Amino acid sequence: MEELKSIIAENLATLKAQTEEKECKLRDDNRDDEALIEKIKANIVDVFLSVLDVSYQQSRQAGGDEKDLIEKFNKFFEVIPENWFESKKQAEERGDFEIIYKEDAKIAMAKLIEKVFLSTVEEYNVR
C-alpha cells in the first residue's frame, strides 16, 4: 500500500511541477491572469496530495490494503469539487465571469488529477 501511495504522490508532484513551470513562463510573459489560474491549479494538486496522505493514514490505521486506499482517496473526487460547482453556479447567477473561470479551472484540474490517479492505479495493478 505504501508503494502505491508513493507512486500516486510522485505522479501528482510531477503534475504540480509542470503546472508551476507553466505559471512561471506565463509570469515571464507578463500574462499574470493566466499565471494566477496555473497557481490555483497547483494549489489544487496540493489539496489532493494532502487528502492522499489522509486516505493512506486512515487505511493504514484500519488495517486496510491498497483497495481500501484507492476507495478512500477516490471518494474525495466527489466531495472536494462540490463547493466549486456550487460557487460556479452562484457566480453564473451573478454574471461573475472571473469566479466562473477560476471554478472551472479548479474543476478541470480535479478531473485531470483523477485521471492521473486512475491511470496510475491501472498501471500499478498491471505489474
Side-chain angles (χ1 to χ4, degrees):
M1 180 169 63
E2 186 171 340
E3 180 184 10
L4 176 59
K5 184 245 183 198
S6 295
I7 294 169
I8 295 167
E10 183 179 307
N11 289 345
L12 294 183
T14 299
L15 179 61
K16 181 181 177 189
Q18 292 167 346
T19 304
E20 290 173 331
E21 182 179 330
K22 188 173 180 182
E23 175 193 354
C24 287
K25 287 179 182 177
L26 289 167
R27 288 213 190 278
D28 289 346
D29 290 343
N30 293 318
R31 296 165 61 188
D32 293 336
D33 289 344
E34 292 168 271
L36 176 61
I37 295 300
E38 295 305 313
K39 182 175 184 167
I40 291 169
K41 290 178 180 179
N43 289 339
I44 299 307
V45 177
D46 282 336
V47 168
F48 279 95
L49 282 167
S50 293
V51 296
L52 174 61
D53 286 336
V54 169
S55 300
Y56 174 73
Q57 293 301 328
Q58 289 175 346
S59 294
R60 201 177 73 167
Q61 289 174 355
D65 58 6
E66 292 165 348
K67 183 178 177 184
D68 187 53
L69 170 63
I70 292 165
E71 288 175 7
K72 285 184 182 345
F73 187 56
N74 200 37
K75 287 181 184 177
F76 284 107
F77 291 104
E78 296 171 19
V79 175
I80 292 175
E82 284 178 358
N83 289 335
W84 303 333
F85 282 108
E86 182 60 32
S87 177
K88 179 183 173 184
K89 180 181 173 188
Q90 292 173 3
E92 287 172 338
E93 291 169 0
R94 294 188 313 271
D96 189 339
F97 296 105
E98 182 178 339
I99 298 296
I100 294 168
Y101 189 62
K102 288 177 181 177
E103 299 306 316
D104 277 341
K106 293 176 188 177
I107 293 164
M109 189 53 137
K111 288 179 182 177
L112 178 57
I113 292 167
E114 182 178 24
K115 184 178 177 181
V116 169
F117 163 65
L118 293 174
S119 70
T120 302
V121 168
E122 186 176 313
E123 288 175 26
Y124 183 82
N125 288 331
V126 169
R127 293 197 275 149

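Quantities reported herein were computed from a predicted structural model and do not represent experimental measurements.
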Next item on the list: Step by step, work out the side chain to side chain contact (heavy atoms under 4.5 Å, CB included) result for Thr19 and Met109.
Entry: CA-CA 10 Å; Thr19 304; Met109 189 53 137; 3.4 Å; yes
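- Residues Glu114 and Leu118 meet the side-chain proximity criterion, which asks for heavy atoms closer than 4.5 Å.
- Atom-to-atom distance recorded for Asp46:CG and Leu12:CG is 10.0 Å, nearest 0.5 angstrom.
- Two residues are said to be in side-chain contact when any heavy atoms from C-beta on lie closer than 4.5 Å; Lys22 and Gln18 fail this criterion.
- Taking CD1 from Ile107 and CD from Glu82, the interatomic distance works out to 11.5 Å, rounded to the nearest 0.5 Å.
- Hydrophobic clustering (side-chain heavy atoms under 4.5 Å, transitive across Ile, Leu, Val, Met, Phe, Trp, Tyr) groups Val51 together with Leu112.
- Looking at heavy atoms from C-beta onward, Ile70 lies in side-chain contact with Phe117 at the 4.5 angstrom threshold.
- The shortest side-chain heavy-atom distance between Ile7 and Glu123 does not fall under the 4.5 Å cut-off.
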Margin query: Under the criterion side chain to side chain contact (heavy atoms under 4.5 Å, CB included), I'd like the reasoning laid out for Asp65 against Met1: C-alpha separation, chi angles, the key distance, then a yes or no.
Written below: CA-CA 6 Å; Asp65 58 6; Met1 180 169 63; 5.7 Å; no
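- Looking at heavy atoms from C-beta onward, Glu3 lies in side-chain contact with Tyr124 at the 4.5 angstrom threshold.
- Using a 4.5 Å heavy-atom cutoff, the side chains of Val116 and Thr120 are in contact.
- The pair Lys106-Glu103 meets the salt-bridge criterion, since a charged nitrogen lies less than 4.0 angstrom from a carboxylate oxygen.
- Shown here for Ile37 and Ala105, the closest heavy-atom pair between the two residues is CG2-CB, 3.6 Å.
- The minimum heavy-atom distance between Ile100 and Ala91, with the atom names listed, is CG1-CB, 3.7 Å.
- Under the 3.5 Å distance criterion, with hydrogens and angles disregarded, no donor-acceptor pair is assigned to the side chains of Gln57 and Gln61.
- Considering every non-hydrogen atom in both Trp84 and Ile44, the closest pair reads CZ2-CD1, 3.5 Å.
- Annotation for Ala35 and Arg27: closest pair CB-CG, 3.4 Å, computed over non-hydrogen atoms.
- With rounding to the nearest 0.5 angstrom, the SG atom of Cys24 is 10.5 Å from the NZ atom of Lys39.
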Check: Can you check side chain to side chain contact (heavy atoms under 4.5 Å, CB included) on Val47 and Phe76, steps first, answer last?
Finding: CA-CA 10 Å; Val47 168; Phe76 284 107; over 6 Å; no
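- In this pair, Phe77 and Phe73 present their aromatic rings perpendicular. The plane angle is above 60°, beyond the 30 to 60° band.
- Residues Ala9 and Leu52 share a closest heavy-atom pair of N-CD2, 3.7 Å.
- Annotation: the span from Lys5 atom NZ to Leu69 atom CG amounts to 9.0 Å, rounded to 0.5 Å.
- In the displayed structure, Glu2 atom CD is contacted under 6.0 Å by at most 12 heavy atoms of other residues, nucleotides or ligands.
- The list of ring-ring contact (aromatic ring centres under 6.0 Å, His included) pairs with a residue in residues 24-43, not counting sequence neighbours, is empty.
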Note to self: Checking Lys16 against Glu20 for the salt bridge (charged side-chain N to carboxylate O under 4.0 Å, His left out) test, could you report, in this order, the C-alpha distance in whole Å, the side-chain angles of both residues, the deciding distance, and whether it holds?
What the structure shows: CA-CA 6 Å; Lys16 181 181 177 189; Glu20 290 173 331; 3.7 Å; yes
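- Every residue was checked against the ring pair (Phe, Tyr, Trp, His ring centres under 6.0 Å) condition with Tyr56, not counting sequence neighbours, and none meets it.
- Atom NZ of Lys67 sits about 11.0 Å away from atom CG of Asn125, to the nearest 0.5 Å.
- Counting non-hydrogen atoms of other residues, nucleotides and ligands closer than 6.0 Å to CG of Asp33 gives a total of 12 or fewer.
- Ion pair Glu21/Lys25 flagged as a salt bridge, since at least one NZ, NE, NH1 or NH2 atom sits closer than 4.0 Å to an Asp/Glu carboxylate oxygen.
- From Ile8, atom CD1 reaches atom CZ of Phe48 across 12.5 Å, with rounding to the nearest 0.5 Å.
- Under the 4.5 Å side-chain contact rule for hydrophobic residues, Val121 and Leu49 share a cluster.
- Across Ser87 and Ile99, no two heavy atoms sit closer than the pair OG-CG2, 3.8 Å.
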